[in-house]
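Take this structure, written in structure tokens, and hold onto it; I'll ask about it next.
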Amino acid sequence: MLIMLIVNLFVSLFHPIELNSGTKAISQNSEGYESYEQLKEVEKEGVDYRIRYENRDTSIAVFAIHGGRIEIGTSEVVEGLASRGNYSYYMFEGIKSQDNGILHITSVKFDEPIARTLARHSQTMISLHGFSSEEKIIYVGGRNELYKYEIKKALTKRGFRTEEPRADLRGEEPKNIVNDTLLKQGVQLEISSSVRRSFFENNDWSRGNIENKSTVYYKFIDALEEASSEYKRDL
């Protein structure tokens with residue numbers, strides 16, 4: 001009996017518990033689903049997630065594939081920039097009451113058909129992401145060097161701190177959706193949680209306050225629109 005208890009304890013320590021949430025269980029230490037096909041077998045559109053997009057036949061598209069409550073603040077930037085520049089846009093948004101992080105599909109594996117189709121019909125794109133940090137920092141990655149230059153210049157002019165991404169956030173993989181464009185390159189912005197919270201009044205990104213944008217948010221949108229306009233002129 002004692003031996004069995006020890007064996008069971010060993011198994012529980014070294015094998016992650018699985019979430020019994022649908023036909024395919026996801027281990028607790030997983031970053032999320034491996035594909036959209038896997039996700040939609042478990043999660044329900046309109047209840048757990050939603051997709052918002054519009055193809056405006058523009059050379060630049062603005063994406064947030066981890067929008068809504070997955071990486072809070074990214075959808076709001078897409079809304080603001082797409083409206084300001086009349087750009088094509090796409091948002092995959094977590095709308096669950098909790099545990100929206102499970103909806104995260106990595107940029108390389110993100111294969112939702114509408115997203116990939118819109119990316120491939122756009123000359124280039126900005127893909128908005130978030131990472132957890134109390135530093136006010138924005139990593140500017142991706143393969144579009146000219147667009148990156150214009151974005152870093154515009155953000156720096158307005159007091160934002162930009163840096164070269166760390167290895168896991170570079171956004172340079174050819175299969176990353178940000179580079180699945182006509183130019184085979186785009187810009188991936190990784191925005192710290194500290195910066196994203198500052199997009200909202202009183203640094204409050206709760207559901208009840210998400211519509212109340214701060215002056216920091218509008219400065220950020222101004223910077224991206226200026227950079228996008230300069231980029232188009234440079235071509």
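Because only heavy atoms are used, hydrogens play no part in the values below, and waters and symmetry mates are left out as well, while side chains stay in.
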### Query
Among all residues two or more places apart in sequence or in another chain, which pass the side-chain hydrogen bond (donor to acceptor under 3.5 Å, both in side chains) test with Asn179?
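In terms of side-chain hydrogen bond (donor to acceptor under 3.5 Å, both in side chains), with neighbours along the sequence ignored, Asn179 is linked to no residue.
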
### Side-chain hydrophobic cluster, 4.5 Å single linkage: members besides Leu169
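Its cluster partners, ordered by chain and number, are Phe131, Ile137, Tyr139.
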
### Query
Roughly how far apart are Ser194 OG and Asn203 CG, rounded to 0.5 Å?
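One finds 7.0 Å between OG of Ser194 and CG of Asn203.
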
### Query
Does Lys40 have any side chain to side chain contact (heavy atoms under 4.5 Å, CB included) partners at least two apart in sequence or in another chain, and if so, which?
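Side chain to side chain contact (heavy atoms under 4.5 Å, CB included) list for Lys40, sorted by chain: Tyr36, Glu37, Tyr49.
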
### Task
Just jot down the side chain to side chain contact (heavy atoms under 4.5 Å, CB included) partners of Ala119, sequence neighbours excluded, or say none.
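By the side chain to side chain contact (heavy atoms under 4.5 Å, CB included) rule, Ala119 matches Phe63, Met125, Ile177.
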
### Query
Are Glu225 and Ser229 linked by a side-chain donor-acceptor pair shorter than 3.5 Å?
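Side chains of Glu225 and Ser229: pair found under 3.5 Å.
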
### Task
Could you grab the distance from atom CD of Glu172 to atom CD of Gln188, nearest 0.5 Å is fine?
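One gets 9.5 Å once the value is rounded to the nearest 0.5 Å.
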
### Task
Inspect the surroundings of NZ in Lys153 and state if more than 12 heavy atoms from other residues, nucleotides or ligands are less than 6.0 Å away.
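Atom NZ in Lys153 is packed in, count exceeds 12.
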
### Query
What residues, two or more places apart in sequence or in another chain, satisfy side-chain hydrogen bond (donor to acceptor under 3.5 Å, both in side chains) together with Lys219?
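Testing Lys219 for side-chain hydrogen bond (donor to acceptor under 3.5 Å, both in side chains), a comparison that skips the adjacent residues, returns none.
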
### Task
Name all residues meeting the side-chain hydrogen bond (donor to acceptor under 3.5 Å, both in side chains) criterion together with Asp234; count only those two or more places apart in sequence or in a different chain, and write none if there are none.
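So Asp234 forms no side-chain hydrogen bond (donor to acceptor under 3.5 Å, both in side chains) with any residue.
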
### Query
If you round to the nearest 0.5 Å, how far is CD1 of Ile72 from CD1 of Ile210?
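It is 6.0 Å, given to the nearest 0.5 Å.
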
### side chain to side chain contact (heavy atoms under 4.5 Å, CB included) against Thr124, all qualifying residues, sequence neighbours excluded
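Thr124: side chain to side chain contact (heavy atoms under 4.5 Å, CB included) contacts with Ile60, Asn144, Tyr147, Leu183, Tyr231.
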
### Message
Applying salt bridge (Lys or Arg N to Asp or Glu O under 4.0 Å) as the test, list every pair that has at least one member in residues 189-200; sequence neighbours left out.
### Response
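Only Glu134-Arg197 qualify under salt bridge (Lys or Arg N to Asp or Glu O under 4.0 Å).
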
### Query
Counting distance only, does the side-chain N/O of Asn209 pair as donor-acceptor with the main-chain N or O of Glu201 below 3.5 Å?
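Yes, Asn209 side chain to Glu201 backbone: donor-acceptor pair under 3.5 Å.
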
### Task
Could you pull out all residues at least two apart from Tyr53 that satisfy ring pair (Phe, Tyr, Trp, His ring centres under 6.0 Å)?
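Applying ring pair (Phe, Tyr, Trp, His ring centres under 6.0 Å) to Tyr53 gives none.
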
### Query
Do we see a donor-acceptor contact under 3.5 Å between the side chains of Thr58 and Ser88?
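Judged by distance alone, the side chains do pair up.
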
### Query
With sequence neighbours excluded, what pairs up with Asp111 under the salt bridge (Lys or Arg N to Asp or Glu O under 4.0 Å) test?
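For Asp111 there are no salt bridge (Lys or Arg N to Asp or Glu O under 4.0 Å) partners, ignoring immediate neighbours.
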
### Query
For Phe200, what residues pass the ring pair (Phe, Tyr, Trp, His ring centres under 6.0 Å) criterion, not counting sequence neighbours?
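Once residues adjacent in sequence are excluded, Phe200 has no partner under the ring pair (Phe, Tyr, Trp, His ring centres under 6.0 Å) criterion.
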
#### Entry: Ser214: partners by side chain to side chain contact (heavy atoms under 4.5 Å, CB included), with sequence neighbours left out
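For Ser214, the residues satisfying side chain to side chain contact (heavy atoms under 4.5 Å, CB included) (neighbours in sequence not counted) are Val216, Tyr217.
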
### Message
Less than 4.5 Å apart, side chain to side chain, heavy atoms only: is that true for Asn176 and Ser127?
### Response
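No - every pair of side-chain heavy atoms lies 4.5 Å or more apart.
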
